[in-house]
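Right, one structure below, let's go through it.
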Amino acid sequence: MKKHYLLSFVILFAVVLASCAPAAAPAEEAPAAEEAVVEEAVVEEEEVEAPVCVEVVCEDADVAAVSAADVDAACAADAYGCAVIDAGQTVKIGMSSPMTGGYADFGIDAENSGLIAVKDACGHAGFSFELMAEDDEGGAEGGAAVANKLAADPTVVGMAGPLFSGATAAGIPIYDAAGIPMLSPSATNPPLTAMGSAVFNRVPFTDDAQGAAAADYMFNTLGFTKIAVLHDGETYGKGLATIVKSEFEASGGEVVVFEGITVGEADYTPILTTISASAPEAIYFGGYSAEGAVLSNQMKSLGLEDAVFFGCDGTFGADYLSLTGENGEGSYHATPKEPPATDTKANFDVCYESAYGVGPVVLSPFSYNSYDCTTALITAAKDASMLGEDGKLYILRGAMVDAIRGLTDYTGISGTYSCNDIGECNVEGPQFWVLTGGEFVKAD
């Protein structure tokens, strides 16, 4: 009996305990809860969508035809006459830049931006625009060759370039004679606008502005009092280095060495060894990435480990990064000032990367300038055009030349421009970047 009582008590206790315990959730409900969490996470991920390139929708606008008599009169009165574009032909905007060799990134970047600009600008009066990007190898001989080729094509109405100063100086007389307006995104040598050209204009800051800013930054911001200055012997690099030397010394600093190097060499140890004996705090270099990278790499093994490599807008870009690796850490470089944050810029950034697999201002610092120059020339061509009753498009060359020189408060991606009477359209100086952790970071 005792056993029976004990067993009954145990059973009764178990029943009471079970009735007091909270009810367990049905086993099949757990996956549903998990699914809800997963679904919520998916919804949250979907809300953060990558930006998509929004392409311009081009619409045909009605353009009234002009009588043959009026066309003839207008073309005869224009200082350079008319470019005549037959039905089926394209209106061409030229571009002259290095497309091959050690400086090819500059030309590739400019062409990329120009192609987007042509696409965004749409056509006019049934005629399409075309970018004619030609390789001038960055030099005077190539610049003259490209200028002669484009000037001989009657459908070329503008030049978005050249990019390099040597090529620009050689091409200016040829474009002047042909009445082809030039708007360069990057030719910065100061004397270019002192040549008396009616057609040459540029949107970047000049080497005067960059050189003075670099000297000031090294002396007053970084606190350097002793530097060496090297250059590549070319129009751009030597001119820039000369300004840096003059401005740095005027501030009270000492330039221990001022020398040119030979472009294309793989060994600059002799000049670097000479510089090392003077123990400068920095080496300023006027030139481009190929030579700048060699200097940066060889500095580290010649007693110049603590000296800073200070480059320019010619050494900024992916090419310098890939050629120097860790040796490039701590180096300084220049670019145009960052453009204002606008919807147009944001969309250009997305479209550029979508089309080319790399963002703008990676291959060179002049992506936005190249887009703006191409767009401004196309806009001027449209404004200076007449559709003839014969179905041909007539573009007043002199009117285009005047329109580009007369740009006033022209708003592009890279900023707002107004050209003065000699073709200087930008009064801003550069901004500086320091290479940190394998990336260009804006310097203070």
Side-chain angles (χ1 to χ4, degrees), residues 103 105-106 109-110 113 163-165 168 184-193 202-222 224 227 229-232 234-248 250-251 253 282-289 292 308-321 328 330-340 345 360-373 412-417 424-436 439-444:
Y103 312 136
D105 278 0
F106 285 87
D109 176 58
S113 297
L163 265 67
F164 284 17
S165 295
T168 301
S184 174
S186 59
T188 54
N189 187 240
L192 291 174
T193 50
R202 59 179 164 203
V203 301
F205 51 75
T206 66
D207 295 337
D208 283 339
Q210 180 179 181
D216 177 76
Y217 191 86
M218 285 189 286
F219 188 83
N220 291 311
T221 301
L222 298 179
F224 298 155
I227 66 171
V229 177
L230 298 177
H231 59 82
D232 62 3
E234 301 293 332
T235 302
Y236 159 74
K238 185 176 182 180
L240 185 55
T242 301
I243 295 162
V244 169
K245 177 180 183 297
S246 174
E247 293 290 336
F248 193 78
S251 296
I283 295 178
Y284 182 87
F285 175 63
Y288 295 99
S289 297
V308 170
F309 177 84
F310 203 109
C312 51
D313 53 341
T315 61
F316 180 94
D319 193 36
Y320 180 87
L321 283 174
S331 60
Y332 285 81
H333 309 263
T335 69
K337 296 227 191 272
E338 278 191 297
K345 175 189 175 296
V361 198
V362 172
L363 298 178
S364 94
F366 302 109
S367 310
Y368 303 118
N369 286 7
S370 296
Y371 178 94
D372 289 345
C373 288
I413 292 179
S414 53
T416 300
Y417 300 101
E424 297 286 5
C425 308
N426 187 341
V427 295
E428 291 190 344
Q431 68 183 39
F432 296 107
W433 301 78
V434 59
L435 187 50
T436 305
E439 296 181 347
F440 289 109
V441 178
K442 189 187 297 185
D444 295 333

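The six-membered or imidazole ring of Tyr288 lies near that of Phe106, with a centre-to-centre distance under 6.0 Å. If you look at Tyr284 and Phe248, their ring centroids are not closer than 6.0 Å.
Residue Ser246 holds its OG atom at 10.0 Å from CG of Asp208, rounded to the nearest 0.5 Å. Considering CG of Asn189 and NZ of Lys238, their distance stands at 11.5 Å, rounded to 0.5 Å. Separating the CG atom in Leu230 from the CZ atom in Phe309 is a distance of 8.5 Å, to the nearest 0.5 Å. If you take CG on Leu163 and OG1 on Thr168, they are separated by 8.0 Å, rounding to the nearest 0.5 Å. In this structure, Ser165 OG and Asp207 CG are separated by 6.0 Å, a value rounded to the nearest 0.5 Å. Atom CD of Glu424 sits about 8.5 Å away from atom CG of Leu192, to the nearest 0.5 Å.
Counting heavy atoms from C-beta on, the side chains of Leu321 and Leu435 come closer than 4.5 Å. Taking 4.5 Å as the limit, every side-chain heavy atom of Ile227 sits out of range of all side-chain heavy atoms of Phe310. Phe224 places a side-chain heavy atom less than 4.5 Å from the side chain of Val308. Looking only at side-chain heavy atoms (C-beta outward), Val361 and Phe316 come within less than 4.5 Å of each other. Side-chain contact between Pro365 and Pro336 is present, with at least one heavy-atom pair separated by less than 4.5 Å.
The minimum heavy-atom distance between Thr436 and Val441, with the atom names listed, is CB-CG2, 4.1 Å. Nearest approach of Pro340 to Lys345, heavy atoms of both residues: O-CD, 3.5 Å. Scanning both residues, Tyr320 and Gly328, for their nearest heavy atoms gives OH-CA, 3.9 Å. Cys312 and Gly286 make their closest contact through SG-CA, 4.2 Å (heavy atoms, listed as atom of the first residue, atom of the second, distance). Between Ile243 and Pro190, the closest heavy-atom pair is CD1-CG, 4.4 Å. Here the shortest heavy-atom pairing between Gln431 and Glu338 reads OE1-N, 2.9 Å.
Remark: side-chain polar atoms of Ser184 are not paired, donor with acceptor, to backbone N or O of Arg202 under 3.5 angstrom. Tyr332 places no side-chain N or O within donor-acceptor distance of the main-chain N or O of Ala443, the cut-off being under 3.5 Å.
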Next on the checklist: Working note: Tyr103 + Asp319, criterion side chain to side chain contact (heavy atoms under 4.5 Å, CB included); need CA distance, chi angles, decisive distance, verdict.
Outcome noted: CA-CA 9 Å; Tyr103 312 136; Asp319 193 36; over 6 Å; no
Item to check | Residue pair Val203, Tyr368: steps toward the side chain to side chain contact (heavy atoms under 4.5 Å, CB included) verdict | outcome: CA-CA 11 Å; Val203 301; Tyr368 303 118; over 6 Å; no
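Asp105 and Ser364 form no side-chain donor-acceptor contact under 3.5 Å, judged by distance and modelled atom types alone.
Contacts of Pro430 classified as side-chain contact (heavy atoms from CB on, under 4.5 Å), with partners at least two apart in sequence or in another chain: Phe205, Gln210, Ala213, Ala334, Phe432.
Checked options Phe285, Tyr217, Phe440; the residue passing with His333 is Phe440 (criterion: ring pair (Phe, Tyr, Trp, His ring centres under 6.0 Å)).
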